[in-house]
Amino acid sequence: MATISLCLIVKNEEQNLDQCLSSVQGIPDEIIIVDTGSTDRTKEIAAKWTQHIYDFEWIDDFSAARNESFKYATKDYILWLDADDIVTPENKIKLEQLKEALTEEVDAVSMNYEIPQDDSRRFISNTTRLRLVKRNTGFSWKGIVHEDITTEAPYHFMKSDITVTHTKVGDAQGGRALSRRNLDIYERHLAQGYVFTVPDMLNYARECHSHKLYKQAIHYYELCKDHPEIPLENRVFILHKLATCYVYNNQPEKELELTLEALSMDVPYPAFSCRMGEHFLKSGNLEAAIFWYRSAYSSPPGERYSWSPIDHVYHTWLPHQQLSLCYEALGDTAQAKHHQQWAEFYRKE
């Protein structure tokens, strides 16, 4: 059976760490915790689980901290988590089965990453991340924020159906202020003359977008969208985010332009099907609106876009809610009620 080192970087995670480690109890053969400056009980809680606790001076670089944690690992594979991640009981069983079945030729395993968008946990986004990597295959972290794990060496990759669940709501909810931590890290690096990589530009654009700095977000999304380093699924994602920023920046005419550009690239991405539905709904062409809203829920992103962030709203309750409006306008109350029920089902799910 393969052996696993669990590596985490932490700072002031007394509210989360025990839950995270409990969720995978018995699976890792060693636990490595790198603390970047906790002032609460984080290290005390960590000491209940492992002796391998190391201090690392925070230098505004998440990859540097993660690479430090990997340095102490000694087992066959490294599993990484954040302190506010958990593995549900169902997925823990899958992870145990994976550990038993892992063979030497597997260098890396991907897992689904589920991220809540509100406190009710009804609305989520998800993406795919490399989550388990062979220690001696040269994997390391790159990127100061929203870091990615990569290796220059060729590797054999396995996609699993295991889901890791992030427990912290991503957006500001319930009056909580949206943290500027990541944005400030990027801006401090810019002030020091740091040259952004393409992933840095994309992630900085996303941070600007979240903080409603739409002009800055547009600038960096535009720099990324046609760059040869950006794969197709991320290009479509960028066009979606860019269209949203243009709308909020009082340039709604760009939304249709970018929607048509995205539709010319590939099969319809649900967000753009909804945008086309909205375009025709506004113009009064209800039949065309219905076509596009049906397309949105009939063609979920699936495997094609699994490595980019997927917002479930565009292929669940939103198209059904809009279809209900369309059918109501057409006088088809049966269909209007049918789609309203589906919208309510997804909202309650």
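Index from 1, following the sequence. Note that the structure is a prediction, hence the values are computed from the model and not measured.
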Hey, quick one: are I31 and I78 part of the same hydrophobic cluster, counting side-chain heavy atoms closer than 4.5 Å, chains of contacts allowed?
no
Under a 4.5 Å side-chain heavy-atom rule over Ile, Leu, Val, Met, Phe, Trp and Tyr, are L190 and I218 clustered together?
yes
Any sub-3.5 Å donor-acceptor pair from S308's side-chain atoms to Y305's backbone N or O?
yes
Is any NZ, NE, NH1 or NH2 atom of the basic residue among K71 and E68 found under 4.0 Å from an Asp or Glu carboxylate oxygen of the other?
yes
Taking the side chain as everything from C-beta on, heavy atoms only, tell me whether F70 gets closer than 4.5 Å to I32.
no
With a 4.5 Å limit on heavy-atom distance, are the side chains of L98 and M111 in contact?
yes
For residues Y186 and N203, determine if any side-chain heavy atom of one lies less than 4.5 Å from a side-chain heavy atom of the other.
yes
May I ask you to decide if the ring planes of Y221 and H209 are parallel, tilted or perpendicular, using 30° and 60° as cut-offs?
perpendicular
Run R180 and E187 through salt bridge (charged side-chain N to carboxylate O under 4.0 Å, His left out) and show every step you take.
CA-CA 10 Å; R180 281 189 56 94; E187 292 186 345; 3.4 Å; yes
Taking the six-membered ring for Trp and the single ring otherwise, decide whether the centroids of W307 and F157 are under 6.0 Å apart.
yes
Does the S295 side chain pair with the main chain of S273, one donor and one acceptor, at a distance under 3.5 Å?
no
For the CD atom on Q335, are there more than 12 heavy atoms of other groups (residues, nucleotides or ligands in this structure) within a distance under 6.0 Å?
yes
Determine whether I9 and I53 fall in the same hydrophobic cluster, where Ile, Leu, Val, Met, Phe, Trp and Tyr are linked whenever their side-chain heavy atoms lie under 4.5 Å apart.
no
Heavy-atom pair of closest approach, residues D161 and N91:
O-OD1, 4.0 Å
With a sphere of 6.0 Å drawn around NZ of K212, does it hold more than 12 non-hydrogen atoms of other residues, nucleotides or ligands?
no
Is the side chain of K134 donor-acceptor paired with the backbone N or O of E104 at a distance under 3.5 Å, no angle test?
yes
How far does CG of L286 sit from CD of E328, to the nearest 0.5 angstrom?
11.5 Å
Is there side-chain contact between H339 and L325, with at least one heavy-atom pair below 4.5 Å?
no
Any donor-acceptor N/O pair, N285 side chain to A288 backbone, under 3.5 Å:
yes
Have E105 and T103 got a donor and an acceptor in their side chains that come within less than 3.5 Å?
yes
Would you say the side-chain atoms of K99 pair up with the backbone N or O of M1, donor to acceptor, closer than 3.5 Å?
no
Answer with yes or no after comparing the ring centroid distance for Y314 and H240 against a 6.0 Å cut-off, counting only values under it.
yes
Nearest 0.5 Å, what's the NZ-OG1 distance between K11 and T39?
7.5 Å
Quick one, H211 with Q216, criterion side-chain hydrogen bond (donor to acceptor under 3.5 Å, both in side chains). Give me CA distance, side-chain angles, the key distance, then yes/no.
CA-CA 10 Å; H211 288 271; Q216 287 170 255; over 6 Å; no
Does either side chain, that of E13 or that of T42, offer a donor lying less than 3.5 Å from an acceptor on the other one?
no
If you round to the nearest 0.5 Å, how far is OG1 of T128 from CD of E233?
9.5 Å
Aromatic rings Y194 and F196: how do their planes relate, parallel, tilted or perpendicular, breaks at 30° and 60°?
perpendicular
Just wondering, do H279 and W292 contact through their side chains at under 4.5 Å, heavy atoms?
no
Give me the atom names and distance for the closest heavy-atom approach of W141 to N67.
N-OD1, 2.8 Å
Do you see a donor-acceptor pair shorter than 3.5 Å between the side chains of T50 and E30?
no
Salt-bridged, D332 to K337, with N to O below 4.0 Å?
no
Compare all side-chain heavy atoms of I4 with those of D76 and state whether any distance is below 4.5 angstrom.
no
Carboxylate-amine/guanidinium contact D29 K75, below 4.0 Å:
no
Could you tell me the separation between the CG atom of N234 and the CG atom of L239, rounded to the nearest 0.5 Å?
11.0 Å
For a 4.5 angstrom cut-off between non-hydrogen side-chain atoms, does K142 reach T197?
no
Is a donor on one side and an acceptor on the other found under 3.5 Å between the side chain of S23 and the backbone of V87?
yes
Whether R135 engages the ring of Y77 as a cation-pi pair (distance to the six-membered ring centre under 6.0 angstrom, angle to the ring normal within 45°) should be assessed.
no
Check the hydrophobic clustering (I, L, V, M, F, W, Y; side-chain heavy atoms under 4.5 Å; chains of links allowed) and say if Y113 and V145 are grouped together.
no
Would you please say whether a donor-acceptor pair under 3.5 Å links the side chains of Q322 and E278?
yes
Tell me whether K48 is salt-bridged to D18, with the criterion being a basic N under 4.0 Å from an acidic carboxylate O.
yes
Shortest non-hydrogen contact from Y293 to G277?
OH-C, 3.4 Å
Is it true that E114 and N126 share a donor-acceptor pair across their side chains at a distance under 3.5 Å?
no
Do you see a donor-acceptor pair shorter than 3.5 Å between the side chains of E257 and Y246?
no
Side-chain donor or acceptor of D61 paired with backbone N/O of S63 under 3.5 Å:
yes
Here the pair of heavy atoms bringing G143 nearest to D200 is CA-OD1, 4.1 Å
Can you check whether D311's main-chain N or O pairs, donor with acceptor, with S125's side chain at less than 3.5 Å?
no
Do the side chains of K225 and E261 get close enough for a salt bridge, i.e. N-O under 4.0 angstrom?
yes
Treating D35 as the side-chain partner and G37 as the backbone partner, does any N or O pair qualify as donor plus acceptor under 3.5 Å?
yes
Scan for ring-ring contact (aromatic ring centres under 6.0 Å, His included) pairs involving residues 6-57, sequence neighbours excluded, and state none if there are none.
Y54-Y72
What orientation do H320 and Y346 show, parallel under 30°, tilted 30 to 60°, or perpendicular over 60°?
parallel
Of the non-hydrogen atoms in E255 and R275, which two are nearest, and what is the gap between them?
OE2-NH1, 2.5 Å
Keeping the roles fixed (side chain from S38, backbone from D40), state whether a donor-acceptor pair exists under 3.5 Å.
no
Tightest non-hydrogen contact, residues C224 and L202, listed as SG-N, 3.4 Å
Would you check if there is a donor-acceptor pair between the side chains of H156 and D107 at a distance under 3.5 Å?
no
Please work out which of the three classes, parallel, tilted or perpendicular, describes the rings of Y214 and Y248, given edges at 30° and 60°.
parallel
Would the number of heavy atoms belonging to other residues, nucleotides or ligands and lying under 6.0 Å from CD of E152 be above 12?
no
Between R66 and E147, is the closest basic N to carboxylate O distance under 4.0 Å?
yes
Side-chain heavy atoms nearer than 4.5 Å, only ILVMFWY residues, links allowed to pass through others: does that put V198 and I144 together?
yes
Do I33 and L21 come within less than 4.5 Å of each other through their side chains, counting heavy atoms only?
yes
Here the gap from M265 atom CE to L232 atom CG, rounded to the nearest 0.5 Å, amounts to 7.0 Å
How many angstroms lie between OG in S5 and CG in L79, if you round to the nearest 0.5 Å?
9.5 Å
Compute the centroid of each ring, for F139 and then for Y155, and state whether the two points are separated by less than 6.0 Å.
yes
